[in-house]
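First up is the structure itself, then whatever we jot down about it.
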Amino acid sequence: MENILKESDEFLLNEMDEEVLNDVNEEEGEEKKKKEEERVKKAQALWKAVQNEETKHLTTRVAMILNKYPETRNSDITLQIRYWQSYNGLTGNSVSLENLYKYERLTSIARARAKIQNEYKLFLADTGTRNRRRAKADQEKEAQLLEKPTHKIMNIFADETGKTADYIIVGGVWFLEPQRMARLQASFLKWSNEQDKKLPSEFHFKEMDNRSESEYRAYKEFFNLILKSSDMVSFKAVGVNKTKLKRMKVTDIVNTMYYQLIRMGITHEIQHCLQLY
């Protein structure tokens, strides 16, 4: 039984080092109870390793220094110096440039200290230091969020036709720049308010009166407004012969085609960007 416990503790200690060195975080989707049980097991294994003066792992070496030298709990620099003195052979008050490449990095030591104190709740810093570190961590997190690039947004307006014919087509107008699309919408609104007669809610070429000069002019102006922004507007369409898909309902075919329009359209835009750059 003792051997099994030792092997289990060794596994937990190896896992701790892996998390520290690779900066691995716990998976957010795990159940809270399971995560807490795992945390307690690791904390107990770490405390047992410190009592047994186990120095095989980075995490246990840092924990032993935190336990032996309380002043290191409040300063990562002090902790680093003590670590170098204890495990890297540092003597005197200076470090050669050559040894800087050999000694344990401050980032690894600080990560191990943070995990021991913040996650396992062992060898805690004093209240003032904890508050300062928490405030600094919050500031860094906020800065990272501000610097994080926003995801590109594309607006797609799509419709289908031909549900009662042999071929069904789903087409859409893609606006690739949200800000310019908003300006284009404002231009459409201004233009529509300037028209002499009420415009249709949808433009259908088959319903256009070829004998009406004003209607022809309205259709032409409408599309000219879009063409002025053609560098950020894209039209895409997909079609299928529904007579070859007799086992599928028309609604299912249409829904699948909308999905394919978006999937293939995004792929096309990505390939286009790669060609440009």
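Given the structure is predicted, the values throughout are model-derived calculations rather than measurements. Numbers for residues simply follow the sequence, beginning at 1.
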- Any luck finding a side-chain donor-acceptor pair between Arg111 and Ser108 under 3.5 Å? no
- Message: For Thr60 and Glu54, which I'm curious about, is there any donor-acceptor pair between the side chains at under 3.5 Å?
- Response: yes
- Message: One thing to verify: whether Lys236 and Glu269 come together as a salt bridge, which I'm taking to mean a side-chain N less than 4.0 angstrom from a carboxylate O.
- Response: yes
- Query: Nearest 0.5 Å, what's the CE-CZ distance between Met64 and Phe123?
  - Reply: 9.5 Å
- Task: With rounding to the nearest 0.5 Å, note down the distance linking CG in Asp231 to CZ in Arg180.
- Result: 4.0 Å
- Message: In the structure I gave you, are the side-chain heavy atoms of Val95 and Leu100 within less than 4.5 Å of one another anywhere?
- Response: yes
- Message: Is it true that, when you exclude Glu53 itself, more than 12 heavy atoms of the residues, nucleotides or ligands shown sit nearer than 6.0 Å to its CD?
- Response: no
- Message: Test of understanding: clusters of I, L, V, M, F, W, Y form through side-chain heavy atoms closer than 4.5 Å, transitively. Do Leu261 and Tyr259 belong to the same one?
- Response: no
- Item | Tyr83-Tyr103 aromatic ring centre distance below 6.0 Å | no
- Query: Is there a salt bridge (Lys or Arg N to Asp or Glu O under 4.0 Å) between Arg39 and Glu36 once you walk through the steps?
  - Reply: CA-CA 5 Å; Arg39 186 195 69 78; Glu36 178 61 19; 2.8 Å; yes
- Item | Pairs involving residues 84-93, ordered by first then second residue, that meet side chain to side chain donor-acceptor pair (under 3.5 Å) (sequence neighbours left out) | none
- Message: Any non-hydrogen side-chain atom of Trp174 less than 4.5 Å from a side-chain atom of Val233?
- Response: no
- Query: Residues in side chain to side chain contact (heavy atoms under 4.5 Å, CB included) with Pro70, at least two apart?
  - Reply: Arg73
- Message: Which label fits Phe222 and Trp191: parallel for a plane angle under 30°, tilted from 30 to 60°, or perpendicular past 60°?
- Response: tilted
Do any side-chain atoms of residues 249-258 form donor-acceptor pairs under 3.5 angstrom with protein atoms, and if so which ones, sequence neighbours left out?
| unit_1 | atom_1 | unit_2 | atom_2 | d |
| --- | --- | --- | --- | --- |
| Asn255 | ND2 | Thr251 | O | 3.2 |
| Thr256 | OG1 | Asp252 | O | 2.8 |
| Tyr258 | OH | Glu160 | N | 3.4 |
| Tyr258 | OH | Glu160 | OE1 | 2.3 |

